[in-house]
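As structure tokens, the structure follows; a few thoughts come after it.
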Amino acid sequence: SAASDVYKRQDVELGDKVEAGQPLVSLDPEEFRLLVEQAEAQLAQARSAVGLAPDAPVEGLVPENSPPVRQERAVWDEAKSSFERAKQLRKQNAIAQGEYDLAAVAERVAEARYASALNGVREKLALIGVRQAELQLAKQRLDDAVIKAPFNGFVQQRQVAPGAYLNIGAPIISCLLYTSDAADDL
């Protein structure tokens, strides 16, 4: 077993002929389905945090064009304009040094907030990669909840009964390998 959970259903009986890939037993899939749903929701949340539509490719997102970065860019542009006006007014002695200093500081703060927003979007893009991997893992665990015959054979022995809790790697069913030549003789 590649997953741990409650052994829910047996799909074959002792002596049955099985083909490679045929389901042998199934674990209770409910928890695995919930994990897939949770991973899908977390991925959707991470994508929406940067303004990425559900079907839009992540590679197409330019961090500078994301809503939080555009907002901070607009604030920074406004602060730069205010600072430039303050420079001109200061040259003409139309404003006090304190007002000029405030405009300079506001411009630097806005620049830092822009850089922070850009970094935040890049961090969220990395989180999208993590969430995509978690979703793939959850889907794999759901697939692993159906244990399939690794080769053509006959069911020889059952090690556990339905309802038992199985650990990863626990033996469940023993199959006797057969070749197509041997099966034709039966």
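All values reported here derive from a predicted model rather than from experimental measurement.
Take N65 and apply the side-chain hydrogen bond (donor to acceptor under 3.5 Å, both in side chains) test, not counting sequence neighbours, and it matches no residue. Applying the side-chain contact (heavy atoms from CB on, under 4.5 Å) rule to V75 yields the partners E72, A110; only residues at least two apart in sequence or on another chain are considered. Annotation: side-chain contact (heavy atoms from CB on, under 4.5 Å) contacts of K87 (sequence neighbours excluded): F83, E84, Y100. Among residues two or more places apart in sequence or in another chain, the side-chain hydrogen bond (donor to acceptor under 3.5 Å, both in side chains) test is passed with S116 by none. Residues that satisfy the salt bridge (Lys or Arg N to Asp or Glu O under 4.0 Å) test with R47, not counting sequence neighbours, are absent from this structure. Shown here are the side-chain contact (heavy atoms from CB on, under 4.5 Å) partners of L137, two or more places apart in sequence or in another chain: R141.
In the model, D144 has a side-chain atom that pairs as donor or acceptor with a side-chain atom of Q140 under 3.5 Å.
In summary, K139 and D143 do not engage in a salt bridge, as defined by a charged side-chain N under 4.0 Å from a carboxylate O. At a threshold of 4.0 Å, the pair R122-E64 counts as salt-bridged, since one of the basic side-chain nitrogens sits closer than that to a carboxylate oxygen.
Of the inter-residue distances, the one linking L52 atom CG with K124 atom NZ reads 12.5 Å to the nearest 0.5 angstrom. Expressed to the nearest 0.5 Å, how far CG of N152 lies from NZ of K17 amounts to 7.5 Å. Atoms CG and CD, from L43 and Q38 in turn, are 12.5 Å apart once rounded to the nearest 0.5 Å.
Residues V36 and L135 have side chains in contact (heavy-atom distance under 4.5 Å, counting atoms from C-beta outward).
Taking every heavy atom of both residues into account, G15 and F154 meet most closely at O-CD2, 3.7 Å. The nearest pair of heavy atoms linking P68 to V121 is CG-CG2, 4.2 Å.
Residues V12 and L27 share a hydrophobic cluster, clusters being chains of Ile/Leu/Val/Met/Phe/Trp/Tyr side chains in contact below 4.5 Å. In terms of hydrophobic clustering, with Ile, Leu, Val, Met, Phe, Trp and Tyr side chains grouped at heavy-atom distances under 4.5 Å, L61 and V58 are assigned to a common cluster. A chain of hydrophobic side-chain contacts below 4.5 Å, direct or via other Ile, Leu, Val, Met, Phe, Trp or Tyr residues, connects L14 to V25. In this structure, L177 is not a member of the same hydrophobic cluster as I147, with clusters built from ILVMFWY side-chain heavy atoms closer than 4.5 Å. No single ILVMFWY cluster, assembled from side-chain heavy atoms under 4.5 Å apart, contains both V18 and V146.
Within a 6.0 Å radius of CD in E123, no more than 12 heavy atoms belonging to other residues, nucleotides or ligands are found. Within 6.0 Å of the CD atom in Q45, the count of heavy atoms belonging to other residues, nucleotides or ligands does not exceed 12. Within a 6.0 Å radius of CZ in R90, other residues, nucleotides and ligands contribute more than 12 heavy atoms.
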Step by step, would you call R85 with S82 a side-chain contact (heavy atoms from CB on, under 4.5 Å)? CA-CA 5 Å; R85 280 191 303 277; S82 294; 3.1 Å; yes
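A donor-acceptor pair is defined here as one N or O able to donate and one able to accept, closer than 3.5 Å; no such pair exists between the side chain of R131 and the backbone of A39.
When each of E37, E30, E31 is tested with R33 by the rule salt bridge (charged side-chain N to carboxylate O under 4.0 Å, His left out), just one qualifies, namely E30. The side-chain contact (heavy atoms from CB on, under 4.5 Å) with P63 is formed by just one residue from the set L125, N119, V50; it is L125.
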